[in-house]
**Q** 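Can you keep this structure in mind? I'll have questions shortly.
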Amino acid sequence: MMPFTRCGRYQYDSIWGGRLLRYHQIFLAGAFLGLPFLASLQIDTFGALGREGSFYPLFLGMVIWIIYAVTRREQIIIPRSNSLLCFLTFLLVALSSGLVNGFTLSNLYFQGINGMNRFLIQMGTLIFYFFSALYVCNVATRLRKDPLRLFEQLVLLSFIFPAIYSFFEVLGLWGDPFSSSVVEMINNIFRSNDALYNRVRSVATEPSAFGMYCALLFPWLLLSIFRHNGVKKVFFVIIALYMLLLNILTISRTAYFILGVEAILYFLFLGRGLIRSWKTILVMIIMGVVAFSLVLSEWDRIFSVDIARVYFSLIGDDELYTLSNIARFGTTSAALEIWTHYPILGVGLGGYAFYAPDYYPDWSWISVEIVQWSTNSLSNGIWPVVHNLYARMLAEMGGMGLISWIALNLLLLREEYVLMRLGADSMYVKTIMISTIGIMLCGFNADIFHLFGFWIIIGVTWACGIRRAAEKELPVCLK
């Protein structure tokens, strides 16, 4: 069964005017440029959403899109894909989890926040993500450029802000006072704290968040290296090595692990084609070893960067990372314990924080973070989080929530793969699949709902399926 089902031929010539379409192009480009600003904006008007750089261009674009659709009776493209149906099922499960636990949530308070209010905010956020994907689908379908090639250009363009910012950030950490002042000046514009961080985090809120952004970017840099020749190839090799250097200096286990997995997947997926580019690979390795050796040897004058130690800290007993591991595993353990008591629909979307303090394991209380997360105080407490999206889903939406989420991800990967049968370039398809897998892996470290890159990938995949099927006169969408 094809993942895009029958509904009548779609022709993607839009009645949108040229000027309006250009506005939507600008909003879409702005959403990509905002991707690296992960939870780092000092704007609380829209809650956690307002701290994401991609939120504002997507929000403005969606408002104009919906108003235009209502007032001009513009057709809204709704792909009848299996992943969209699964997305709606996931939203229904999330809604059901709150309704089933509604009475309990309405009587729960933690750090001054009511459980039902928390559920409604979280539910509204999920609905916004759904319409974000649908908006991206509608815009990308109507543009003349192929959606996958458009995605490649914009995701590469999104690196411009972190590249410039981190140039001064690295020099500042190296001890250059002018660069430190530049970073502090830039931080004053969008951060709540202008101080220079003790590791590379670029324009994201923390080093691991920058690593999650790079999980989206890295496969496309590799594609650009092997797709171009001459000066362009050299340029992208330098950019890729620069990005890898920044990730090394994050000293983030998330960045190291996910980028390592993506590199392996890239060579597995594109092995035969890459063998023909062995000279490029050899030059990259030599340049990387030389450049990283020179930089890191000087960097050790400030603090040590031990890549192997960071990797093994994930499974070993390393004193430097022990408390961090305890906090991460403690939140995951609490979420899984909650699930055993509420196995079907959990405690309700957004309800983890209200139950977590009673479920943290005894061994986790030596962590300062666990103590802060369990403090029911507006002044001293920090809102409890789960360092594992899949465990959070089990706790808040039960087994049904996790099953529907995993099904959404698997169907998305399948639909990306089927794009090759519809005539899409196999290298582009495999690259977006690797980015999708990278973001899925991020879920084992953090809540990835706020990664707008994932919702953009869904919209681009839908758009590409519609466009490819239209070219082959296959029926794939509702209008």
Side-chain angles (χ1 to χ4, degrees), residues 39 48 97-98 100-101 103-116 118-119 122 205-209 251-254 256-257 309-403 405-406 441-449:
S97 73
V100 169
N101 295 280
F103 179 77
T104 303
L105 287 172
S106 63
N107 289 285
L108 289 176
Y109 288 86
F110 189 77
Q111 295 181 7
I113 296 176
N114 177 258
M116 180 53 68
R118 177 74 177 174
F119 162 72
Q122 293 286 296
T205 184
E206 61 181 8
S208 62
I251 318 181
S252 166
R253 292 170 292 178
T254 300
Y256 288 14
F257 176 75
R309 183 180 184 183
V310 174
Y311 271 112
F312 284 111
S313 71
L314 290 167
I315 56 176
D317 184 17
D318 190 316
E319 292 183 3
L320 181 63
Y321 297 96
T322 295
L323 290 179
S324 177
N325 285 341
I326 288 175
R328 292 172 184 272
F329 296 148
T331 61
T332 301
S333 177
L336 295 177
E337 185 66 21
I338 293 172
W339 171 61
T340 61
H341 291 82
Y342 304 87
I344 300 177
L345 285 172
V347 297
L349 179 65
Y352 166 82
F354 302 91
Y355 291 82
D358 295 327
Y359 286 88
Y360 288 132
D362 292 338
W363 47 262
S364 68
W365 287 94
I366 64 173
S367 168
V368 175
E369 290 176 294
I370 293 292
V371 174
Q372 291 174 328
W373 290 328
S374 61
T375 301
N376 191 5
S377 169
L378 294 177
S379 57
N380 299 321
I382 298 177
W383 190 258
V385 296
V386 189
H387 282 288
N388 188 315
L389 175 66
Y390 306 101
R392 178 198 169 188
M393 285 187 179
L394 284 173
E396 296 186 349
M397 292 184 283
M400 293 184 64
L402 181 62
I403 290 172
W405 176 256
I406 292 176
L441 290 174
C442 290
F444 289 101
N445 171 72
D447 184 345
I448 62 171
F449 282 154

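Since this is a predicted model, take the numbers as computed values, not measurements.
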**Q** Which heavy-atom pair separates Ala335 from Ala395 by the least distance, and what is that distance?
**A** O-CB, 3.5 Å
**Q** Hey, what's the ring geometry for Trp373 with His387, parallel, tilted or perpendicular (30° and 60° as the breaks)?
**A** tilted
**Q** Within the structure provided, determine whether Thr254 and Leu441 are in side-chain contact (heavy-atom separation under 4.5 Å).
**A** no
**Q** Say whether, by atom type as modelled, one donor and one acceptor occur between the side chain of Thr375 and the main chain of Ser377 under 3.5 angstrom.
**A** no
**Q** Looking only at non-hydrogen atoms, find the nearest pair between Leu105 and Gly351 and report the distance.
**A** CD2-CA, 4.3 Å
**Q** Could you report the tightest heavy-atom contact between Gly330 and Ser364, atom names first, then the distance?
**A** CA-CB, 4.1 Å
**Q** Judged by atom type as modelled, is there a donor-acceptor pair below 3.5 Å linking the side chain of Asn101 to the main-chain atoms of Gly346?
**A** yes
**Q** Hey, could you give me the CD1/OG distance between Ile382 and Ser374, rounded to the nearest 0.5 Å?
**A** 10.5 Å
**Q** Going by heavy atoms in the side chains, are Tyr359 and His341 under 4.5 Å from each other?
**A** yes
**Q** Check for a donor-acceptor pair, side chain of Ser106 on one end and backbone N or O of Met116 on the other, with a separation under 3.5 Å.
**A** no
**Q** May I ask you to check whether Tyr390 and Trp339 place their ring centers less than 6.0 Å from one another?
**A** no
**Q** Hey, is the main chain of Gln111 close enough, under 3.5 Å, to the side chain of Asn376 for a donor-acceptor pair?
**A** yes
**Q** Output the distance between atom OG (Ser367) and atom CG (Asn325), rounded to the nearest 0.5 Å.
**A** 10.5 Å
**Q** Evaluate the criterion ring pair (Phe, Tyr, Trp, His ring centres under 6.0 Å) for residue pair Phe354 and Trp383; output intermediate values, then yes/no.
**A** CA-CA 10 Å; Phe354 302 91; Trp383 190 258; 5.7 Å; yes
**Q** Give the minimum heavy-atom separation between Asp447 and Phe449, together with the two atoms involved.
**A** OD1-N, 3.0 Å
**Q** Which pair of heavy atoms, one from Ser97 and one from Met397, lies closest together, and at what distance?
**A** OG-CG, 3.8 Å
**Q** Pick one: which of Thr104, Leu108, Ile338, Val100 meets side chain to side chain contact (heavy atoms under 4.5 Å, CB included) with Val347?
**A** Ile338
**Q** Show the nearest heavy-atom pair for residues Val386 and Ala391, with the distance to one decimal.
**A** CG1-CB, 4.2 Å
**Q** To the nearest 0.5 angstrom, please state how far the SG atom of Cys442 sits from the CD1 atom of Ile448.
**A** 7.0 Å
**Q** Side-chain contact test, heavy atoms from C-beta onward, threshold under 4.5 Å: evaluate it for Phe257 versus Phe444 and give yes or no.
**A** no
**Q** To the nearest 0.5 angstrom, please state how far the CG atom of Leu389 sits from the OG1 atom of Thr332.
**A** 10.5 Å
**Q** Taking the side chain as every heavy atom from C-beta outward, state whether Leu394 and Leu336 have any atom pair closer than 4.5 Å.
**A** yes
**Q** Between OH of Tyr355 and CG of Asp358, what distance do you get to the nearest 0.5 Å?
**A** 10.0 Å
**Q** Between Asn388 and Arg328, is there a side-chain donor-acceptor contact under 3.5 Å, judged purely by atom types and distance?
**A** no
**Q** To the nearest 0.5 Å, how far apart are CG in Leu402 and CD in Glu396?
**A** 12.5 Å
